[in-house]
Trainee: 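I'd like to ask you about the structure that follows.
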Amino acid sequence: MSSSAQIGVTGLAVMGRNLARNFARNGYTVAVHNRTSARTHALVEEFGQEGTFIAAETAAEFVAALERPRRLVIMVKAGEPTDAVIREFAPLLEPGDMIIDGGNAHFADTRRRERELREQGLHFVGTGVSGGEEGALHGPSVMPGGSPESYATLGPMLEKISAKAADGTPCVTHCGPDGAGHFVKMVHNGIEYADMQLIAEAYHLLREVAGYSPARIADIFRTWNTGRLDSYLIEITAEVLSHVDAATGRPFVDVVQDQAEQKGTGRWTVQIALDLGVPVSGIAEAVFARSLSGHTALREASGGLPGPSAEPLGEADAAAFADKVEQALYASKIVSYTQGFHEIQAGSDEFGWNIDLGAVAAIWRGGCIIRAAFLDRIRAAYDTRADLPSLLSDKSFAEEIGAAQDDWRAVLVAATEQGVPTPGFSAALAYYDALRAARLPAALTQGQRDFFGAHTYRRTDRDGSFHTLWGGDRSEVTA
Ligand code: 6PG
């Protein structure tokens, strides 16, 4: 077998298969391999005419088919299956070769694997790939980490297969070394959870407070999708809401069990944010909302608890309310992205990655699940000022959120009065109000900590740490 493949893909479930096809369609010779070779042959049989594939039966054949330095993409389940594949292939590779992990791996695993393989002279490139199966085939958003040397040869290939933003820029950037790419992908997914939760809350309010049908709400989302909320998730929301179940003739959303599942990347975003001390309350509420929905026994046991009963709004009020929900959704979305970008900045500082936040916003403009017109403005905000303390300190976002706040509050008043849960909208508003507050009650918290644990506090008028002798004469001492 000649070593003519510029890239190889092992793990040919739907994402791996589509990624392999995408490379082939872009003119690369692609070696393909799967644990069970039936999948390898099926791919070549079905899609062989799309480009040049080399089907490899064994790991050794697969490695032999790759030109040097070898670029080997693994598309298997995160966790132990990824380690198993690395254990199988690493001994067959030579210094300078690259293993590219395109799965949703935890960035800490990626850091470990990168370190271990570096000792053997191999490059391990943890790469976030977003866009689902369609994206993998037609152009995903790609978030590679790993060494700059690996990006020098891999980058141009990834640029070719990636989605292109509206201005033609490829949706790929070298996020930073070792686990930076998988970290960025993790936060992408956290924001994805938050976006989905906020959209779900908007739908719930339009259904319960405005009294609209799913089909009518679908039309509202279609209208919103022509404005500043223009995004893939809003677009598919309209599709899902207008879908009618063929078996019952009822709206699809009414026949699906209301228990949201999760594979874990949103949860990781929150776990890591806790470690980094970054308040990602909107993302956390989105993860918790999914968990709560799945606690069926708890929900059944609580189903009889009292709540308000209100008639849906009349036609004119409902239309005005829908406009306010758009404001609340948009403002809450700004907060989710503010929190997500804060987490990326904190991760970058902690691990020394030097991530360019403007570049991250730029590569999320196309291909990925959270792609949205709005991301171009985030890119512009960071391009104007790379050290922007927060998205909310960007003048244009600050103005927009300020203009939305009255309606945002009114929506939450209506939600509270009518008993519609809005954890995402509420957490976002609480974050906004906390950030803009001149004084927070944290001073009282400090006083309590000092009272029961002599944990000390700092004063507003003098430097140093202080403790009050709470059990004695309440005089203050320098700690
Ligand atoms: C993407 C998606 C993708 C996957 C999510 C689903 O960017 O293409 O985020 O990675 O669909 O992991 O996550 P849940 O199953 O946790 O909702």
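All ligand and atom numbering here is 1-based and tracks the order in the structure. All values below come from the heavy atoms of this structure, side chains included, with hydrogens, waters and symmetry mates left out. For the single chain, residues carry numbers from 1 onward in sequence order. Not measured: the values here are computed from a predicted model.
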Trainee: Please compare Arg267, Lys263, Met186 and report which has the shortest non-hydrogen distance to atom 14 (P) of ligand 1.
Mentor: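 Nearest option to atom 14 (P) of ligand 1, by heavy atoms: Lys263.
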Trainee: Distance to 0.1 Å, residue and atom name: give those for the protein heavy atom nearest to atom 9 (O) of ligand 1.
Mentor: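 Minimum-distance protein heavy atom for atom 9 (O) of ligand 1 reads Glu192 OE1, 2.6 Å.
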Trainee: Ligand 1 versus Arg290, non-hydrogen atoms closer than 4.0 Å: side chain, backbone, both, neither?
Mentor: side chain
Trainee: Which protein heavy atom lies closest to atom 4 (C) of ligand 1, and at what distance to 0.1 Å?
Mentor: Asn104 ND2, 4.4 Å
Trainee: Which ligand 1 atoms, with their elements, are less than 4.0 angstrom from a heavy-atom of Asn189?
Mentor: 5 (C), 7 (O), 9 (O), 10 (O), 12 (O)
Trainee: Please determine if Arg379 and Asp167 form a salt bridge, counting it only when a charged side-chain N lies under 4.0 Å from a carboxylate O.
Mentor: no
Trainee: Quick check on Gly131 - does any of its heavy atoms sit under 4.0 Å from an atom of ligand 1?
Mentor: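 Flag set, Gly131 near ligand 1.
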Trainee: What I want to find out is whether Arg250 reaches Asp245 closely enough, with some N-O distance under 4.0 Å, to be called a salt bridge.
Mentor: no
Trainee: Just jot down the ligand 1 atoms closer than 4.0 angstrom to any heavy atom of His188, in number order.
Mentor: 7 (O)
Trainee: Looking at Asp394 and Arg385, is any side-chain nitrogen of the basic one under 4.0 Å from a carboxylate oxygen of the acidic one?
Mentor: no
Trainee: Below 4.0 angstrom, counting only protein heavy atoms, does anything approach atom 12 (O) of ligand 1?
Mentor: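 Yes, there is a protein heavy atom closer to it than 4.0 Å.
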Trainee: Considering distance alone, does some N or O of Gly132 sit under 3.5 Å from an N or O of ligand 1?
Mentor: yes
Trainee: Assess whether a salt bridge exists between Asp219 and Arg216, defined as any Lys/Arg side-chain N lying under 4.0 Å from an Asp/Glu carboxylate O.
Mentor: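 Salt bridge flag = no for Arg216 with Asp219.
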Trainee: What atoms of ligand 1 come within less than 4.0 Å of a heavy atom belonging to Ile369?
Mentor: 1 (C), 2 (C), 7 (O), 8 (O)
Trainee: Apply the side-chain contact (heavy atoms from CB on, under 4.5 Å) test between Ile370 and each candidate in Tyr232, Tyr337, Tyr193; give the one that qualifies.
Mentor: Tyr337
Trainee: Taking only Lys NZ, Arg NE, NH1 and NH2, and the carboxylate oxygens of Asp or Glu, determine whether Glu80 and Arg87 approach each other closer than 4.0 Å.
Mentor: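 Yes.
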Trainee: Before accepting this row, confirm whether a basic side-chain N of the pair Glu400/Arg377 lies closer than 4.0 Å to the acidic partner's carboxylate O.
Mentor: yes
Trainee: For the pair Arg115 and Glu119, find out whether any cationic side-chain nitrogen is under 4.0 Å from an anionic carboxylate oxygen.
Mentor: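 So Arg115 does not pair with Glu119 through a salt bridge.
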Trainee: Taking only heavy atoms of Gln262 into account, list the atoms of ligand 1 that are under 4.0 Å away from them.
Mentor: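 The list of qualifying atoms is 16 (O).
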Trainee: To which protein heavy atom is atom 7 (O) of ligand 1 closest, and what is the distance rounded to 0.1 Å?
Mentor: Ser130 OG, 2.5 Å
Trainee: Provide the number and element of each atom of ligand 1 under 4.0 Å from a heavy atom of Tyr193.
Mentor: 14 (P), 16 (O), 17 (O)
Trainee: Check whether Phe47 forms a cation-pi arrangement with Arg17 (NZ or CZ under 6.0 Å from the six-membered ring centre, at most 45° off the ring normal).
Mentor: no
Trainee: Please state whether Lys185 comes within less than 4.0 angstrom of ligand 1, counting heavy atoms only.
Mentor: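 Within the 4.0 Å threshold, so yes.
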